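Here's the structure we're looking at; comments come further down.
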Amino acid sequence: MSKISAAITAVGGYVPEYVLTNQILETMVDTNDEWITTRTGIKERRILKEDGKGTSFLAIKAAQDLINKKGLDPEDIELVIVATATPDMKAASTAAFTASEIGATNAFTFDMDAACSSFLYGMSVAASYIESGKYKKVLLIGADKMSSLINYKDRATCIIFGDGGGAVLFEPNQEGLGLQDEYLRSDGTGREFLQATYGGSVHPITHEAIDQGGQYAFQEGRTVFKNAVFNMADATMKVMERNNLTKEDVAWLTAHQANKRIIDATADRMGLEHEKVMMNIHKYGNTTSATLPLLLHDYESQLKKGDNIIFAAFGGGFNWGAIYLKWAYNSDN
Ligand code: UT7
């Protein structure tokens, strides 16, 4: 019997309706459309405005989109992983709630957090369960309500992030399609440069912390930028080299959408034409765990069975890496 590989067999996505444009941000902080566009490539982002709705709302919508498109019976799903840096609540799992709401009543569930690399690492975890032969239907969702972590008075962060969710189904494949290789790394000395300091176990939330905005995400953009450019390109090149992939062999780069300049630098290092680079940062900004599945959702109709796709991400932690995957189906959209 040929080896079991883990293939993506369906994709879903969701972004909230409210559009936060650069022009609106100009009225909120000292910034301008020209600066944001040239420094980041972002024109607008989506924000989940409704009270009482969190990351699970985005995750449920993305999963339901996948379930409807695939005609999947949710009771057949065996595992639901929600990759997120903004879980609904402390302690109560976002994945458990999401699974119940979509009718995945036979699944076990857990959340995974590796900041902006959550979905990338989630692909490795989901694929391992399939490759082991233990499970046949693993739903991996990447969703983040980043607006819940953002101080809309801090121009260094509020221009970048947006809300969204995306989902993929992993199933066994015996044609050699699906996940081929991965290079994943972490460096905890980077955590001082990108974090939401208060609200965790080191610094529980206090009145004083809230008065200083300590519950919001903070980043030292320049340091994060430099590390992202180096490490995303390095991981991508390692995966290409050890699989003997030339730039002609690569159909698509599916890279984390934090800054267009970081994505361009990675593509340039690979020698890849920009038509092969998936891009949605202009309309969604950085949706953290949702960026990779939302790209697949947006580009699904252009993907062909056998396409070699390189995924890459970098984020808080620091956590980063690259994954090489062969696409497993032609879309009928
Ligand atoms: O997904 C998680 C990982 N996150 C990332 O990968 C983010 C990586 N970092 C970045 O994308 C970029 O560093 C930023 C977009 C956050 C900032 O861009 P930059 O080119 O690194 O700008 P900078 O922080 O070096 O600031 C340059 C100038 C400064 O002014 P002076 O000191 O040169 O006068 C800033 O005060 O731009 C100013 N500035 C702004 N101006 C208008 C910073 N933010 C803004 C703003 N609007 N929003």
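Order of listing sets the numbers, starting from 1, for every ligand and every atom in it. All values reported here derive from a predicted model rather than from experimental measurement.
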Notebook entry, point to check: Going by distance alone, is a donor N or O of one side chain under 3.5 Å from an acceptor N or O of the other, for Ser289 and Asp144?
Noted result: yes

Note to self: Can you check atom 20 (O) of ligand 1: any protein non-hydrogen atom closer than 4.0 Å?
What the structure shows: yes

Checklist line | For atom 1 (O) of ligand 1, closest protein heavy-atom neighbour | finding: Asn286 ND2, 2.7 Å

Check: Hey, which atoms in ligand 1 end up nearer than 4.0 Å to a heavy atom of Thr40?
Finding: 15 (C)

Checklist line | Which of the ligand 1 atoms, numbered from 1, are nearer than 4.0 Å to a heavy atom of Gln219 | finding: 4 (N), 5 (C), 7 (C), 16 (C)

Margin query: Under 4.0 Å from a heavy atom of His256: which atoms of ligand 1 are those, numbered in the order shown and with their elements?
Written below: 1 (O)

Check: Judged by non-hydrogen atoms, does Ile160 sit under 4.0 Å from ligand 1?
Finding: yes

Check: Nearest heavy-atom pair of Asn286 and Thr291: which atoms, and what distance?
Finding: OD1-CG2, 3.9 Å

Next item on the list: Could you tell me the residue and atom name of the protein heavy atom closest to atom 39 (N) of ligand 1, and the distance to it rounded to 0.1 Å?
Entry: Trp35 CZ2, 3.4 Å

Next item on the list: Could you find the nearest protein heavy atom to atom 3 (C) of ligand 1 and give me its residue, atom name and distance?
Entry: Val224 CG1, 3.6 Å

Check: Any N/O of Arg39 closer than 3.5 Å to an N/O of ligand 1?
Finding: yes

Notebook entry, point to check: Side chain or backbone of Phe225 under 4.0 Å from ligand 1, or both, or neither, by non-hydrogen atoms?
Noted result: both

Check: If you count the atoms of ligand 1 from 1 in the order shown, which ones are under 4.0 Å from a heavy atom of Ile262?
Finding: 6 (O)

Notebook entry, point to check: When you check the gap from the basic side-chain N to the acidic O, do Lys70 and Glu171 get nearer than 4.0 Å?
Noted result: yes

Checklist line | Proximal ligand 1 atoms for Ala258, defined as those under 4.0 Å from one of its heavy atoms | finding: 1 (O), 5 (C), 6 (O)

Note to self: Under a 4.0 Å threshold between the charged nitrogen and the carboxylate oxygen, would Lys260 count as salt-bridged to Asp264?
What the structure shows: yes

Just list the side-chain donor-acceptor pairs under 3.5 Å for residues 303-312, sequence neighbours left out, or say none.
{"residue": "Lys305", "atom": "NZ", "partner": "Glu175", "partner atom": "OE1", "Å": "3.2"}
{"residue": "Asp307", "atom": "OD2", "partner": "Trp252", "partner atom": "NE1", "Å": "3.3"}
{"residue": "Asp307", "atom": "OD2", "partner": "Lys304", "partner atom": "N", "Å": "2.9"}
{"residue": "Asn308", "atom": "OD1", "partner": "Tyr324", "partner atom": "OH", "Å": "3.0"}
{"residue": "Asn308", "atom": "OD1", "partner": "Lys326", "partner atom": "NZ", "Å": "2.9"}
{"residue": "Asn308", "atom": "ND2", "partner": "Asp249", "partner atom": "O", "Å": "2.9"}

Next item on the list: Answer yes or no for atom 25 (O) of ligand 1: protein heavy atom present at a distance under 4.0 Å?
Entry: yes

Margin query: Judged on heavy-atom distance to atom 38 (C) of ligand 1, which of Arg155, Arg222, Glu34, Met232 sits nearest?
Written below: Arg155

Margin query: Do Ile24 and Ile42 land in one hydrophobic cluster if side-chain heavy atoms of ILVMFWY residues count as linked below 4.5 Å?
Written below: yes

Next item on the list: For the pair Glu17 and Arg46, find out whether any cationic side-chain nitrogen is under 4.0 Å from an anionic carboxylate oxygen.
Entry: no

Check: To the nearest 0.1 Å, how far is atom 12 (C) of ligand 1 from its closest protein heavy atom, and which atom is that?
Finding: Asn259 ND2, 3.9 Å

Item checked: Closest protein heavy atom (residue, atom, distance) for atom 2 (C) of ligand 1 -> Cys116 SG, 3.2 Å

Next item on the list: Kindly confirm or rule out an N or O of Gly221 lying under 3.5 angstrom from an N or O of ligand 1.
Entry: yes

Check: Distance from Thr236 atom OG1 to Leu253 atom CG, nearest 0.5 Å?
Finding: 6.5 Å

Check: Is there a nitrogen or oxygen of Asn32 sitting under 3.5 Å from a nitrogen or oxygen of ligand 1?
Finding: no

Check: Could you give the distance from CD1 (Ile81) to CG (Asp111), rounded to the nearest 0.5 Å?
Finding: 10.0 Å

Margin query: Once you restrict to heavy atoms under 4.0 Å, what part of Thr31 touches ligand 1? Side chain, backbone, both or neither.
Written below: both

Note to self: So that I know where these two stand, are Phe318 and Trp320 an aromatic pair - ring centroids less than 6.0 Å apart?
What the structure shows: no

Next item on the list: Look up atom 34 (O) of ligand 1 and tell me if a protein heavy atom lies less than 4.0 Å from it?
Entry: no

Item checked: Quiz item: cation-pi between Arg191 and Phe193, 6.0 Å / 45° -> no

Check: Where does Thr288 meet ligand 1, judged by heavy-atom distances below 4.0 Å: at the side chain, the backbone, both, or neither?
Finding: neither

Notebook entry, point to check: Is Glu248 salt-bridged to Lys276, cutoff N-O under 4.0 Å?
Noted result: no

Note to self: Tell me whether the rings of Tyr129 and Phe108 are parallel (<30°), tilted (30 to 60°) or perpendicular (>60°).
What the structure shows: perpendicular

